[in-house]
Participant: 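If you scroll down you'll find the structure; I have some questions about it.
Being a predicted model, the structure only gives us computed values, none of them experimental. Per chain, numbering begins at 1; letters A, B, ... match sequence-line order.
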Amino acid sequence: MKELIVKVLENAPLADGIYKLKFSLPEKMCCLRCGKFVNISVGDSAHLLRRPLAICEYDEKSVTVCYQLKGSGTKSLSKVRAGESLSCVLPLGNGFTLEENEKRIALVGGGVGVFPMISVLREFENSDKRFYSYMGFRNRGAVCMEETFRALSEKSEIVTDDGSYQKRGNAVSAFFDDIGNAKPDVILSCGPAPMLRALKAGLSERGLKIPCYVSLEERMGCGIGACLVCVCKKTGGAANARVCKDGPVFEIGEVEI
Amino acid sequence: MKELIVKVLENAPLADGIYKLKFSLPEKMCCLRCGKFVNISVGDSAHLLRRPLAICEYDEKSVTVCYQLKGSGTKSLSKVRAGESLSCVLPLGNGFTLEENEKRIALVGGGVGVFPMISVLREFENSDKRFYSYMGFRNRGAVCMEETFRALSEKSEIVTDDGSYQKRGNAVSAFFDDIGNAKPDVILSCGPAPMLRALKAGLSERGLKIPCYVSLEERMGCGIGACLVCVCKKTGGAANARVCKDGPVFEIGEVEI
Amino acid sequence: MADLKVNLCGVEFKNPVIAASGTFGFGKEFDALYDIGVLGGISTKGLTLEKRLGNAVPRIAEGRSVILNAVGLQNPGLDAFLAEDLDFLKSKNTVIIANVAGKTVEDYEEICARLDGKVDMIELNISCPNVKCGGMAFGIRPESVYTVTAASKKNLKKTPLIVKLSPNVESIAANAAAAEKGGADCVSLINTLTGMAIDLERRRPLLANNTGGVSGAGIKPIALRMVYEVSKAVSVPIIGMGGIVSAEDALEFIVAGASAVQVGTANFTDTLAMPKIIEGMNAWLDAHGIAGVQELCGTLKMNG
Amino acid sequence: MADLKVNLCGVEFKNPVIAASGTFGFGKEFDALYDIGVLGGISTKGLTLEKRLGNAVPRIAEGRSVILNAVGLQNPGLDAFLAEDLDFLKSKNTVIIANVAGKTVEDYEEICARLDGKVDMIELNISCPNVKCGGMAFGIRPESVYTVTAASKKNLKKTPLIVKLSPNVESIAANAAAAEKGGADCVSLINTLTGMAIDLERRRPLLANNTGGVSGAGIKPIALRMVYEVSKAVSVPIIGMGGIVSAEDALEFIVAGASAVQVGTANFTDTLAMPKIIEGMNAWLDAHGIAGVQELCGTLKMNG
Ligand SMILES: Cc1cc2nc3c(=O)[nH]c(=O)nc-3n(C[C@H](O)[C@H](O)[C@H](O)COP(=O)(O)OP(=O)(O)OC[C@H]3O[C@@H](n4cnc5c(N)ncnc54)[C@H](O)[C@@H]3O)c2cc1C
Ligand SMILES: Cc1cc2nc3c(=O)[nH]c(=O)nc-3n(C[C@H](O)[C@H](O)[C@H](O)COP(=O)(O)OP(=O)(O)OC[C@H]3O[C@@H](n4cnc5c(N)ncnc54)[C@H](O)[C@@H]3O)c2cc1C
Ligand SMILES: Cc1cc2nc3c(=O)[nH]c(=O)nc-3n(C[C@H](O)[C@H](O)[C@H](O)COP(=O)(O)O)c2cc1C
Ligand SMILES: Cc1cc2nc3c(=O)[nH]c(=O)nc-3n(C[C@H](O)[C@H](O)[C@H](O)COP(=O)(O)O)c2cc1C
Ligand code: FES
Ligand code: FES
């Protein structure tokens with residue numbers, strides 16, 4: 001984990017309100033892994049806080065993140081041009097891990113939660129893992145990375161909240177509808193809290209004991225575990241866990257969502 | 001006078017610690033004149049104040065200003081790249097005017113004060129005015145626009161504080177040494193307050209009554225005459241004048257420098 | 001088009017956006033950039049009985065997303081204002097608020113008496129931190145806020161009184177309550193926070209006056225908290241200000257309890273700040289299907 | 001290489017740069033980025049007798065060049081700190097300052113008694129605005145500042161006492177004097193200003209705690225003025241903080257009267273902020289031919 005000055009290679013729209021940012025690494029970086037994230041400056045000194053963004057794709061010399069334009073920071077980030085530099089602390093968080101015996105993997109992603117799912121597919125591209133991907137988007141305009149999901153998944157379903165593209169619905173219902181076919185050994189998921197809550201409820205309603213890991217979002221300060229700004233409650237509420245340091249990936253039963 | 005979003009055409013070093021910024025005007029601009037100035041944003045939202053910079057050169061479609069890197073604002077301005085936009089209020093201030101019968105003009109410029117002097121030379125390029133230019137710089141590295149001064153002046157002298165280029169000395173002494181030759185009908189000057197004080201003292205010591213106009217610098221807020229931040233004292237101290245609105249050009253006897 | 005009209009103490013504003021005292025002069029200069037008649041109102045440069053030359057320069061310094069000013073109430077004096085500046089403002093279709101300051105309670109009494117009925121509202125500046133001998137002292141403790149308010153109100157038969165509160169206090173809510181008790185028809189807040197900028201090379205303050213008033217976007221969270229706090233302490237209407245740059249900022253102040261807002265420093269950064277804020281408020285209200293801006297006033301719900 | 005050493009109440013600091021409480025935890029995390037032994041000192045996360053889970057999330061919001069936080073003193077409690085965190089800090093060659101907070105005077109007494117002799121200095125947080133039932137109340141009036149300082153000092157036979165002052169007061173100089181009278185060996189200022197950030201769409205405060213502490217570059221001018229003001233009111237040494245980002249910022253606080261500085265929010269923006277500040281101070285002092293940083297302390301000259 002290091003703070004680096006990175007150079008922007010690409011920073012362009014990918015879908016409605018979604019930008020793809022690719023930046024080069026000034027030096028070889030160890031421990032880059034799927035499900036980890038970066039904490040990046042937004043190119044405007046009035047924003048004191050970095051924005052946490054999931055590693056979507058990476059190689060020796062570069063990292064790609066995809067971000068939705070929401071507030072003033074991501075708006076400012078979208079104006080940064082190729083060739084400019086940003087300050088980035090990476091890689092952060094624990095990331096997703098897959099056991100040797102976990103061969104059939106269900107990926108359930110919603111909204112910006114689809115991007116860390118891409119990083120999992122990339123990492124196990126030539127492995128013996130078989131992925132069943134269920135990705136939910138707001139509408140047709142927001143859909144992105146569809147080809148990558150299809151290319152790297154045994155089976156890939158895209159759903160939209162308003163039904164303007166392929167099936168109407170959300171990623172969790174699409175997953176449960178197809179669970180008989182997917183028969184996953186493990187479930188990896190990322191998306192807004194309501195979606196993760198639906199996944200948790202769905203599993204317990206069906207009495208399913210499949211190991212399930214979720215990547216959470218919380219507002220951050222330091223991003224490296226020191227300031228206790230980004231906590232979530234551990235199940236039972238007797239202790240807190242830091243999303244940035246103890247997470248962002250948690251076993252679904254471990255934390256209150 | 002208008003607030004415009006202008007596009008940066010050029011923004012590159014001109015001399016040691018001096019940048020030349022040329023920007024395009026989105027529409028035809030009336031009343032651009034030598035000695036006026038622009039109030040321009042610096043491309044970083046943490047700087048709430050615009051920077052006042054003298055119009056150095058202008059045409060129908062563009063304006064050029066030259067600025068010294070001093071504090072954080074000009075530093076931020078120097079990082080703005082061609083193609084980016086800035087917000088600019090222009091043209092501001094009264095500017096220099098020359099009477100019909102003022103044929104021989106002495107230009108006395110010091111430091112960044114040389115840039116408005118260029119605007120005078122440009123404006124009267126093909127006129128019957130004859131210019132005697134005396135320009136002072138910190139050192140050889142800071143010297144710029146020498147060719148323009150030589151090309152557009154009857155006579156042009158460059159002096160440096162440390163003598164590292166041409167004559168050692170300052171613009172005011174160079175001017176007074178040559179006043180017998182220049183025999184100016186009017187003197188136009190811009191530079192740091194100490195230099196303008198020396199000019200005023202020099203004129204009164206020699207009992208000279210030559211009309212002399214100086215362009216002052218003061219820290220500004222609105223830049224358009226409303227907030228009374230940028231005042232200087234009128235001679236006698238009974239009233240204030242606004243450098244941005246009543247100036248920046250004043251008859252040398254009119255204000256306390 | 002949403003309804004932006006707001007009525008403060010019987011005075012009708014076409015919209016809640018008012019130019020903050022000291023950043024807009026008496027309107028002439030900005031009128032060269034846009035018709036200032038579009039504004040809800042204008043609070044004039046702080047007026048004193050006698051003409052004042054104000055502090056030495058430099059009178060302004062910059063921080064990160066804030067500025068400091070120490071103009072020192074330079075103004076033409078009440079008579080010159082009445083003779084030379086008021087008519088221009090009257091020719092514009094906008095609410096005229098005379099911001100006034102004094103060194104003694106008697107000053108405030110006299111200036112109010114002489115302005116009564118000549119302007120739409122009077123805003124007492126009891127907190128401008130620049131003037132050594134007056135201003136600041138009144139705005140600190142509730143007792144002196146009460147005294148100067150009551151003395152001023154006594155001389156105001158026709159013109160509603162706004163008391164402008166300083167943030168450099170223990171409890172701005174207690175001061176607001178004291179102003180209300182003293183007869184204030186309205187309170188406006190916040191005036192500037194007191195700060196210092198240092199020239200490290202010369203080891204001297206950058207402002208000739210040493211300290212100055214801090215304003216601008218960086219202090220918005222402090223101003224917003226204070227407007228909310230005051231809205232829970234008084235029932236008179238509130239004019240909120242402090243770092244407002246965008247329509248969203250203005251609407252946040254209204255949600256926190258303000259009926260109208262003032263915009264000051266943002267006019268330096270963007271000369272068209274206020275017209276854009278008015279337009280932006282309209283667009284936001286339409287997009288959210290809200291008919292009138294006053295429906296938002298004080299609708300902030302607390303968490304937990 | 002200039003001499004950056006500073007001695008506060010007998011405690012030797014290798015340089016005047018200290019990590020501000022609450023932004024640096026107990027040092028482990030930042031030590032993964034650089035050897036925190038380079039720092040002059042570290043002020044721990046605010047410690048309370050019992051373990052605390054702190055406030056609900058969101059605990060942080062952003063303004064322009066400022067942030068708001070409402071962590072609510074989540075900390076492992078005194079015992080866990082002594083058992084699990086102190087040793088790591090001791091393994092690092094840096095001054096250990098335990099920041100402590102309590103709900104009652106008795107809390108402060110007990111926590112000081114139990115920490116006496118175990119850390120290099122103790123910093124009383126009497127102004128952290130998050131905790132509803134304690135903290136904030138002590139830091140408002142001089143009388144309560146005096147009471148809590150005297151009670152704490154009574155139990156400190158070996159460890160020097162720093163009292164950390166709140167800026168949300170009428171006169172921070174009066175509070176500093178009260179702390180000095182109560183036996184404080186040193187004062188540190190400023191803690192956070194109280195502010196609010198609003199989510200306009202939900203019409204609710206962004207922070208779950210509704211209000212939070214404002215910090216970061218935007219509030220530097222206010223902190224700087226307060227350090228200068230306090231330097232004229234007390235003779236005990238001052239630790240200055242509030243918006244320090246660069247070496248120049250730190251040196252400005254020292255010129256204004258601080259003997260040492262703390263850096264908090266800047267660690268979020270730039271994880272290497274403090275090492276850069278230390279380097280920058282060295283370079284500035286060498287460039288200006290100044291042998292030791294303490295020569296600058298309190299050398300600010302007023303204008304006019
Ligand atoms: C571990 C992690 C990974 C993430 N990965 C992605 C990603 O790959 N793509 C993507 O589009 N978004 C991602 N997010 C969410 C992203 O961080 C926020 O959308 C972004 O910070 C919003 O910033 P803003 O400037 O648009 O919003 P503003 O409202 O201006 O932000 C104000 C503050 O709130 C924080 N904030 C606001 N919303 C969120 C949020 N949902 N989560 C965390 N912090 C927030 C900002 O970081 C900033 O500190 C991730 C969040 C976390 C915690
Ligand atoms: C009418 C006029 C014309 C000018 N023309 C030129 C020019 O052509 N080229 C050039 O290099 N400089 C010129 N200057 C000076 C230029 O405005 C300052 O050098 C510049 O504003 C410094 O900003 P900064 O960000 O570097 O300094 P900072 O210290 O970061 O500035 C802080 C604040 O002080 C103001 N400020 C600082 N120094 C000055 C100064 N000397 N005069 C006015 N404001 C100042 C800044 O504008 C800003 O508001 C002119 C000034 C005036 C008033
Ligand atoms: C240059 C300047 C001059 C000011 N003069 C006055 C004044 O004369 N009287 C007054 O009550 N407030 C004065 N103020 C304070 C503003 O009216 C306003 O209360 C404050 O700046 C906060 O609003 P803002 O952040 O939008 O600027 C002045 C502010 C500035 C920046
Ligand atoms: C996230 C966060 C947590 C903080 N926690 C504490 C605390 O526990 N105790 C305390 O006295 N101050 C606390 N503070 C205040 C800082 O120590 C410091 O006084 C303040 O932030 C101003 O300095 P800065 O602008 O450099 O951050 C905290 C600040 C932040 C940003
Ligand atoms: S953001 Fe600081 S601990 Fe997670
Ligand atoms: S800068 Fe506002 S009057 Fe000149």
Participant: Which bit of C:V245 is near chain B, if near means a heavy-atom gap under 4.5 Å: side chain, backbone, both or neither?
Facilitator: neither
Participant: Please list, in residue-number order, every residue in residues 216-224 of chain C that has a heavy atom less than 4.5 Å from any heavy atom of chain B; write 'none' if there are none.
Facilitator: C:G216, C:A217
Participant: Which bit of C:I60 comes within less than 4.5 Å of chain B, counting heavy atoms only: side chain, backbone, both or neither?
Facilitator: both
Participant: At a 4.5 Å cut-off on heavy atoms, which part of C:L206 comes close to chain B: side chain, backbone, both, or neither?
Facilitator: side chain
Participant: Mind ranking B:G225, B:G71, B:G73 by heavy-atom pairs under 4.5 Å with chain C and telling me who comes out on top?
Facilitator: B:G225
Participant: Between C:E62, C:R59, C:K28, which residue shows the highest count of heavy-atom pairs closer than 4.5 Å to chain B?
Facilitator: C:E62
Participant: Going by heavy atoms in the side chains, are C:R204 and C:I198 under 4.5 Å from each other?
Facilitator: no
Participant: Can you classify the ring geometry of C:Y34 versus C:F24 as parallel (below 30°), tilted (30 to 60°) or perpendicular (above 60°)?
Facilitator: tilted
Participant: For the residue pair B:Y67 and B:Y19, does the interplanar ring angle fall in the parallel (under 30°), tilted (30 to 60°) or perpendicular (over 60°) class?
Facilitator: parallel
Participant: Any side-chain heavy atom of C:M241 within less than 4.5 Å of one from C:S188?
Facilitator: yes
Participant: Tell me, for B:V229 versus chain C, whether the close heavy atoms (under 4.5 Å) come from the side chain, the backbone, both or neither.
Facilitator: both
Participant: Just verifying a value: how many Å separate B:K61 NZ and B:L9 CG, rounded to the nearest 0.5 Å?
Facilitator: 10.0 Å
Participant: Using heavy-atom distances under 4.5 Å, tell me whether B:E218 contacts chain C through its side chain, its backbone, both, or neither.
Facilitator: side chain
Participant: Determine whether C:I97 and C:M121 make a side-chain contact, defined as any pair of heavy atoms from C-beta on separated by less than 4.5 Å.
Facilitator: yes
Participant: Could you have a look at B:R219, B:K245, B:K233 and say which one has the most heavy-atom pairs with chain C under 4.5 angstrom?
Facilitator: B:R219
Participant: Return the option, out of C:N267, C:D270, C:T265, C:L272, with the maximum number of heavy-atom pairs under 4.5 Å with chain B.
Facilitator: C:D270
Participant: Could you walk me through whether B:F137 and B:Y165 satisfy the ring pair (Phe, Tyr, Trp, His ring centres under 6.0 Å) test, starting with their C-alpha distance in whole Å, then the side-chain angles of each, then the deciding distance to 0.1 Å, before giving a yes or no?
Facilitator: CA-CA 9 Å; B:F137 297 88; B:Y165 186 75; 8.6 Å; no
Participant: Between C:V227 and C:G240, what is the shortest heavy-atom contact and its length?
Facilitator: CG2-CA, 3.9 Å
Participant: Are C:R64 and B:S72 close enough that a side-chain donor and a side-chain acceptor fall under 3.5 Å?
Facilitator: no
Participant: Evaluate the salt bridge (charged side-chain N to carboxylate O under 4.0 Å, His left out) criterion for residues B:R138 and B:D16: first the C-alpha distance (whole Å), next the side-chain angles of each, then the deciding distance (0.1 Å), finally the verdict.
Facilitator: CA-CA 10 Å; B:R138 265 198 330 279; B:D16 281 5; over 6 Å; no
Participant: Can you confirm whether the side chains of C:S43 and C:E123 place a donor and an acceptor under 3.5 Å from each other?
Facilitator: yes
Participant: So which of B:C227, B:G237, B:S87, B:G223 has the largest heavy-atom pair count under 4.5 angstrom toward chain C?
Facilitator: B:C227
